[in-house]
Amino acid sequence: MSLKIREGNLEDAELICELVANLLYELRGKPLNNDNLINISKELLKNKKQRYVAYLAFNGDKCLGVVTLSECASLYAQGAFGIIQELYIIPSARSQGIGNQLIKKVKEYGIQCGWDRIEVGAPDAEKWDKTISFYKREGFRELGPRLRCNLI
């Protein structure tokens with residue numbers, strides 16, 4: 001396989017959303033409104049003040065996966081750091097090193113940004129043990145559960 005990783009751009013917004021929608025469907029079991037996601041994706045990709053990036057993995061013309069990453073800041077991290085928001089590999093291309101190459105690109109981007117860490121919110125370890133194992137192999141370690149409070 002001839003894998004090429006490249007940064008996503010505005011023209012890729014629909015593709016990025018399709019892949020992320022597939023990820024969210026796998027995790028939640030319900031489809032999303034892709035039109036709304038496409039608009040959000042375009043806004044995030046074109047807002048240069050906010051560090052948000054997507055990397056796409058291609059084998060020829062076929063997109064096999066995506067990772068999205070954004071910048072956050074905190075005192076515990078002593079400043080800015082990255083958070084992987086979504087990482088998705090199409091089912092037929094899993095366990096072929098694509099996730100590893102996307103994480104490598106994320107780490108390179110983080111170093112360019114001057115971050116000293118990247119975090120990821122992983123799904124339920126009991127249901128998604130392969131996902132947790134993947135991140136651990138890539139150098140991530142468990143910090144504890146992540147919680148959310150919806151405001152809308």
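It should be emphasised that the depicted structure is a prediction, and the values quoted were computed from it without experimental measurement. Sequence positions, counted from 1, serve as the residue numbers for this chain.
Put simply, OG1 on Thr68 and CD1 on Ile84 are 8.5 Å apart, with the number rounded to the nearest 0.5 Å. Note that the OG atom of Ser133 and the CZ atom of Phe140 stand 14.0 Å from one another [nearest 0.5 Å]. Atom CZ of Arg141 sits about 9.0 Å away from atom CD of Glu119, to the nearest 0.5 Å. Between the CG atom of Leu44 and the CG atom of Asn47 there is a distance of 7.5 Å, given to the nearest 0.5 Å. With rounding to the nearest 0.5 angstrom, the CG atom of Leu143 is 7.0 Å from the OH atom of Tyr76. The distance from atom CD1 of Ile90 to atom CG of Leu23, rounded to the nearest 0.5 Å, is 13.5 Å.
Side chains of Glu138 and Asn100: a donor-acceptor N/O pair is present below 3.5 angstrom, by distance only.
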Checklist entry - What's the verdict on salt bridge (Lys or Arg N to Asp or Glu O under 4.0 Å) for Glu11 and Lys46, showing C-alpha distance, side-chain angles and the deciding distance? => result CA-CA 11 Å; Glu11 290 78 36; Lys46 71 180 178 183; over 6 Å; no
Item to check | Verdict with supporting geometry, Lys105 and Arg6, side-chain contact (heavy atoms from CB on, under 4.5 Å) | outcome: CA-CA 9 Å; Lys105 194 57 115 168; Arg6 69 165 175 80; over 6 Å; no
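The nearest pair of heavy atoms linking Ala57 to Ile98 is CB-CG2, 3.6 Å. Across every non-hydrogen atom of Ile118 and Val106, the tightest pair is CD1-CG1, 3.4 Å.
The residue from Asp12, Leu19, Ile16 that alone fulfils the side-chain contact (heavy atoms from CB on, under 4.5 Å) condition with Cys63 is Leu19.
Taking a cutoff of 4.0 Å between a charged side-chain nitrogen and a carboxylate oxygen, Arg117 and Glu71 do not qualify as a salt bridge.
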